[in-house]
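Below, each value reflects all heavy atoms present in this structure, side chains not excepted, and no hydrogens, waters or symmetry copies.
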Amino acid sequence: MIAKVEPLTTARTLRGPFDYLLGDSHEGVGVGSMLVVPFGPRRILGVVVEVAEDSELPPERLAEPLSALEADVPPDLVRLGLWVAQEYVSTPARGLALVLPPGTGTGSGRRTAARRSLVAQLTDQGREALAGGERLSDGQRAALGALRNGPSRVSALAESAGCDHAGARRLERRGLILVQSTIEPSRRPEVRAVGALRRVEHPTTAQEAALAEVVGAMDRPDAAERRLLLHGVTGSGKTEVYLRSVETVLDRGQTAIVLVPEIALTPQTAARFVQRFGDTVAILHSQLTARERFDEWSRLRSGEARVCVGPRSAVFAPLSDVGLIVVDEEHDGSYKQEGDPRYDARLVAERRAEACGAVLLAGSATPRPETVLRHRRIELRERVDGRRLPPVELVSMAGIAGPLHPAARDALEEVRRRGEKAIVLLNRRGWSNFLACAQCGRTWDCPSCDVTLVLHRGAARMSCHHCGHAEGVPRRCSDCGSVSVARHGIGTEQLGAELSQLVSPLPVFRLDTDTAATAGVAATLERFDRAESGVLVGTQMVAKGHDFPDVTLGVVLDADATLRFPDFRAEERTFALVAQLAGRSGRGERGGRVIVQALDPSARALSYAARHDSEGFLEGELARRAVLSYPPHGHLVRVVCSSVQAGPEGEAAEAIRGAIDLPGASVLGPAPLFRRQGRERAQLVIRARADGDAANPARSEVIGAVRRAVEAVSKDRTHGTVAFAVDVDPQ
Ligand code: ADP
Ligand code: ZN
Ligand code: ZN
């Protein structure tokens, strides 16, 4: 028998799969097995993607695998990983890395702050050596023994078994262990419940009806009928519908995946699942240690855990017989991965559900037009307790000095007087947006990006929000020497300070990535929840699905800031942000209200959000996108070329434009993007109508044409200094 093995390397040029001969000692090897194979002079790790009778090569030219790893990947996940590679114009190795046991493969080395560490795991040869004959020193035996229950850091092996780095390498050369470099997460937050997790005794009639729809979809043969959207207003009790749907699936002997936005930001939802299902739940979040991730992964793989709750990567959970995939807060941007492969977990979930016959249940109060068009809709029109959604007041900031409108000041003043709670959203962190010399007009910019540096007063730094560059705060202008350096614009840090004065003595809690790093998100949310009264101020983090029953006021500052970006999703994003923030208010007996400040309060997205009219908004949005051939009425692929010197990136983009052979599609650009992380960038956007007649290319044709063009141009030496990034369905 022949195993077709895809090598797990980051090299884009190496094109597998390669054939290896399976001898008698490789009995149990099949699709999804992980093999250490000889590759020229090297030994590398690969995944079996196919098992065949024959090879095109003569048997004497085929090598045998050296060893097999204990852990393997379910075959359907191998197919899913390869599909992702294809669909998102990536490499098989990167697609497969998504589905491998944590700690193996090429990994995702994108996080700059993370440390790397070496992790060792036992091979099946190692296990045999431990059980029987092979000659081992006591130290080696101890080291292998320590790995019997799963991988471990090499540094930990030194401590526990006295096996140092060189010792580990010797074991690796004998094929007894595999040593790999992985990312070591820097923190390890646990999943904490914020606020009382009230048990729900009786579902409402609307929840019952929704559940019946979900259960009814479970036996439908047609995948389109198993694609559901739970469109429920904020506070309508969507989570309870997910919980009961999962319960049903478990009763049927199947398993379930529940995707949530970043767990650190929405600890409540994950906590509810743990509360309800206990150890049947495995949580896969990005901040587990390598060991914890592997443990959770193994619990899912073995069937010990049957529900996986996690962010986008949990869509690759190694569960078999998946009956339900839930995508909570499906409008959330975190479902799209930013690095290669730039996959969208919502589409991957759809693909996986289709392949395994599962129900796909997306839920949101502000669903995306894509989902509304493609899913069968189930509605929850009212809040569970029958409370009405809070009235939203739009106010114009034209001619108003200071960050707060008088109406917002009055409302906050009232919160202070009555000792209530408010949430204030400003989607910009730091103290001031930028500094400018009052004498000569000099501004302080990032040396690597074409953006201004943001002042962080507490940290006494000026920092770039695109690359992390930081420098000290200038006392005087370095061009003209003037000491009058003016601070412009306001961020959450400064707003927090102003609010502290305004609502004193009520406490003010700030929540943004700066405070999250020190105070922790869950801890801050918990302190706000516990407080008798106070104000929670922060970036979009405060508008996530939190459930605080006693918030009586919501305020959004600069609500139309997002509309000023030239992006076709700007309206959708603005609508969702404002509607979601509004949804945090008025969940208790005292009711609530919302004030939205904008330069232009008549903007379409804002007026729909103020009326809580997602129906009306979606209708208009779908019509607008149909006219412009934007998703879901069009296919969109973005290609970004970048280089350190100015020039090559534009030439490469131009060459790709020329190489795209796709009748019926339009190619926009090359358009320059602002310089980022020291790289000049040029962008192309390829767009084709999705519906209509046969003259329009299919999605796979669009993706294929872009792939071929990018591959051709990137192979051309003339463009050797250029890096390419392809983004299918860019956000
Ligand atoms: P959504 O996600 O739709 O915004 P949640 O699922 O967070 O809403 O539910 C809002 C609140 O209502 C939660 O505190 C939840 O415990 C409560 N709740 C949900 N269903 C019921 C019910 N049937 N009876 C009483 N309370 C409920
Ligand atoms: Zn100056
Ligand atoms: Zn920068």
Next item on the list: Evaluate the ring planes of His466 and Phe674, with Trp represented by its six-membered ring, and classify them as parallel (under 30°), tilted (30 to 60°) or perpendicular (over 60°).
Entry: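 His466 and Phe674: perpendicular rings.
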Margin query: Please verify the inter-ring angle class for Tyr343 with Tyr88; under 30° counts as parallel, over 60° as perpendicular, anything in between as tilted.
Written below: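 Perpendicular: the ring planes of Tyr343 and Tyr88 meet at over 60°.
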Rounded distance [0.5 Å steps], [atom1] in [X] versus [atom2] in [Y]:
| X | Y | atom1 | atom2 | answer |
| --- | --- | --- | --- | --- |
| Glu350 | Leu360 | CD | CG | 6.5 Å |
| Arg638 | Gln731 | CZ | CD | 10.5 Å |
| Asn427 | Thr562 | CG | OG1 | 7.5 Å |
| Leu98 | Ser313 | CG | OG | 8.5 Å |

Please report the closest heavy-atom contact between [X] and [Y], naming both atoms and the distance.
| X | Y | result |
| --- | --- | --- |
| Asp514 | Gly430 | OD2-N, 4.1 Å |
| Val578 | Ala559 | CG2-CB, 4.1 Å |
| Tyr335 | Pro261 | OH-N, 3.4 Å |

Next item on the list: Determine, step by step, whether Thr452 and Asp445 satisfy the side-chain hydrogen bond (donor to acceptor under 3.5 Å, both in side chains) criterion, reporting the C-alpha distance in whole Å, the side-chain angles of both residues, the deciding distance to 0.1 Å, and the verdict.
Entry: CA-CA 4 Å; Thr452 55; Asp445 302 325; 5.3 Å; no
Determine whether the side chains of [X] and [Y] contain a donor N or O and an acceptor N or O closer than 3.5 Å.
| X | Y | value |
| --- | --- | --- |
| Arg457 | Gln494 | no |
| Gln580 | Thr234 | no |
| Ser448 | Arg676 | no |
| Arg679 | Ser643 | no |
| Ser432 | Arg487 | no |
| Arg429 | Thr539 | no |

With the side chain counted from C-beta on, respond yes when [X] and [Y] share a heavy-atom pair under 4.5 Å apart, and no when they do not.
| X | Y | result |
| --- | --- | --- |
| Trp444 | Cys477 | yes |
| His285 | Arg293 | no |
| Glu621 | Arg604 | yes |
| His469 | Met462 | no |
| Val542 | Arg584 | no |
| Asp450 | Arg681 | no |
| Leu435 | His488 | no |
| Cys641 | Ile656 | yes |

Margin query: Is it the case that over 12 heavy atoms from other parts of the model lie below 6.0 angstrom from the CD atom of Glu619?
Written below: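 Count not over threshold, so no.
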Next item on the list: Apply the side chain to side chain donor-acceptor pair (under 3.5 Å) test between Glu330 and each candidate in Arg368, His375, His231, Arg346; give the one that qualifies.
Entry: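 For Glu330, the side chain to side chain donor-acceptor pair (under 3.5 Å) test succeeds with only one of Arg368, His375, His231, Arg346, which is Arg368.
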Notebook entry, point to check: Which residue pairs satisfy the salt bridge (charged side-chain N to carboxylate O under 4.0 Å, His left out) criterion with at least one member in residues 656-673, sequence neighbours excluded?
Noted result: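 Qualifying pairs, neighbours excluded: none.
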Next item on the list: Report the C-alpha separation of Val637 and Val702 in whole Å, then their side-chain angles, then the decisive distance to 0.1 Å, and conclude whether the side-chain contact (heavy atoms from CB on, under 4.5 Å) test is met.
Entry: CA-CA 8 Å; Val637 182; Val702 178; 3.9 Å; yes
Notebook entry, point to check: Are Phe724 and His719 close enough that their ring centers fall under 6.0 Å?
Noted result: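 Between His719 and Phe724, which both carry aromatic rings, the centre distance is not below 6.0 Å.
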